[in-house]
Amino acid sequence: WVISILIAIAIAMEAGAVILGPASIIHWKLDLITHFCSHSSAGYMYSFATLLFYGLPTTLVAAVLVTYVAPHAAGSGIPEVKACLNGMLMPQAFTFKTWFARSLGLTLVTSAGLFAGTEGPFAHLGGII
């Protein structure tokens, strides 16, 4: 029971970090955009540039992580968990590199404002932990 409780706490902390991290970044971006729009005549241009120059690098880093570091971190993650539960061996789907790429990639993508569902990746992250 102790191990089950510790695993549940670790998964909850991971989920909290992946949800609250992008939320605080998004609040920071919105505060910055509000400041630009209210204090400058070219505020809309600065706001667009802020969103663009934050979104492009973060999505590029997430894409590089998923493409070159851990290809198993791509997609929802539910098929990998179901395959493992059905007895298929997928050794690269449950490694530290996959956990790192999925956690950081999901944080970067959601903080950039892209629509990424978190339910599937959380299932995969829980399986990795």
Side-chain angles (χ1 to χ4, degrees):
W1 287 103
V2 174
I3 292 175
S4 297
I5 291 171
L6 291 176
I7 290 172
I9 290 171
I11 292 170
M13 290 176 64
E14 170 78 21
V18 171
I19 290 173
L20 295 177
S24 63
I25 294 171
I26 289 169
H27 285 294
W28 170 76
K29 285 191 317 184
L30 291 177
D31 290 340
L32 189 62
I33 289 169
T34 304
H35 174 75
F36 284 150
C37 289
S38 64
H39 289 90
S40 173
S41 60
Y44 294 114
M45 184 176 64
Y46 293 145
S47 299
F48 178 74
T50 300
L51 291 176
L52 182 68
F53 290 122
Y54 179 81
L56 284 177
T58 55
T59 53
L60 178 68
V61 169
V64 166
L65 281 172
V66 169
T67 305
Y68 297 111
V69 175
H72 281 281
S76 75
I78 293 176
E80 287 87 354
V81 173
K82 287 174 69 174
C84 180
L85 291 173
N86 284 325
M88 296 293 296
L89 293 177
M90 300 180 70
Q92 295 298 317
F94 298 97
T95 63
F96 177 77
K97 285 186 351 181
T98 306
W99 172 81
F100 178 75
R102 183 168 291 277
S103 297
L104 185 61
L106 185 61
T107 302
L108 292 174
V109 164
T110 53
S111 70
L114 298 178
F115 296 109
T118 56
E119 292 84 6
F122 282 151
H124 191 199
L125 287 170
I128 292 172
I129 290 175

Student: To the nearest 0.5 Å, tell me how far Phe94 CZ sits from Ile129 CD1.
Tutor: 12.0 Å

Student: Kindly compute the distance separating CG (Leu108) from CG (Leu60), expressed to the nearest 0.5 Å.
Tutor: 10.5 Å

Student: Identify the residue among Thr58, Val66, Val109, Leu65 that makes a side chain to side chain contact (heavy atoms under 4.5 Å, CB included) with Leu104.
Tutor: Leu65

Student: For atom CD1 of Ile3, decide whether the heavy atoms of other residues, nucleotides or ligands shown that lie under 6.0 angstrom number more than 12.
Tutor: no

Student: For Met88, is the CE atom crowded, meaning more than 12 foreign heavy atoms sit under 6.0 Å from it?
Tutor: no

Student: Can you pull the side chain to side chain donor-acceptor pair (under 3.5 Å) pairs that have at least one residue in residues 120-129, sequence neighbours excluded?
Tutor: Arg102-His124

Student: Before giving the answer on side-chain contact (heavy atoms from CB on, under 4.5 Å), spell out for Leu114 and Thr110 the whole-Å C-alpha distance, their side-chain angles and the decisive distance to 0.1 Å.
Tutor: CA-CA 5 Å; Leu114 298 178; Thr110 53; over 6 Å; no

Student: With a 4.5 Å cut-off on side-chain heavy-atom distances among I, L, V, M, F, W and Y, is there a chain of contacts connecting Leu125 to Val69?
Tutor: yes

Student: Can you list the residues that meet the side-chain contact (heavy atoms from CB on, under 4.5 Å) rule with Thr95, with sequence neighbours excluded?
Tutor: Gln92, Lys97, Thr98

Student: Under 4.5 Å between any side-chain heavy atoms of Ile33 and Leu51, yes or no?
Tutor: yes

Student: Any side-chain to backbone donor/acceptor pair from His35 onto Asp31? Under 3.5 Å, distance only.
Tutor: no

Student: Partners of Thr34 by side-chain contact (heavy atoms from CB on, under 4.5 Å), sequence neighbours excluded?
Tutor: none

Student: For Ile78, which residues count as a side-chain contact (heavy atoms from CB on, under 4.5 Å) partner, sequence neighbours excluded?
Tutor: Ser76, Lys82, Ala123

Student: Report the relative orientation of the aromatic rings in Phe100 and Phe96; use parallel for angles under 30°, tilted for 30 to 60°, perpendicular for over 60°.
Tutor: parallel

Student: Please check if atom CG in Leu89 has more than 12 non-hydrogen atoms from other residues, nucleotides or ligands closer than 6.0 Å.
Tutor: no

Student: Which residue pairs satisfy the ring-ring contact (aromatic ring centres under 6.0 Å, His included) criterion with at least one member in residues 41-68, sequence neighbours excluded?
Tutor: Phe36-Tyr46

Student: Throw together a table of side-chain donor-acceptor distances under 3.5 angstrom for residues 11-29, partners on residues two or more places apart or in other chains.
Tutor:
{"unit_1": "Glu14", "atom_1": "OE1", "unit_2": "Trp99", "atom_2": "NE1", "d": "3.3"}
{"unit_1": "Glu14", "atom_1": "OE2", "unit_2": "Ser103", "atom_2": "OG", "d": "2.6"}
{"unit_1": "Ser24", "atom_1": "OG", "unit_2": "Leu20", "atom_2": "O", "d": "3.4"}
{"unit_1": "Ser24", "atom_1": "OG", "unit_2": "Gly21", "atom_2": "O", "d": "2.8"}
{"unit_1": "Lys29", "atom_1": "NZ", "unit_2": "Ser111", "atom_2": "O", "d": "2.7"}

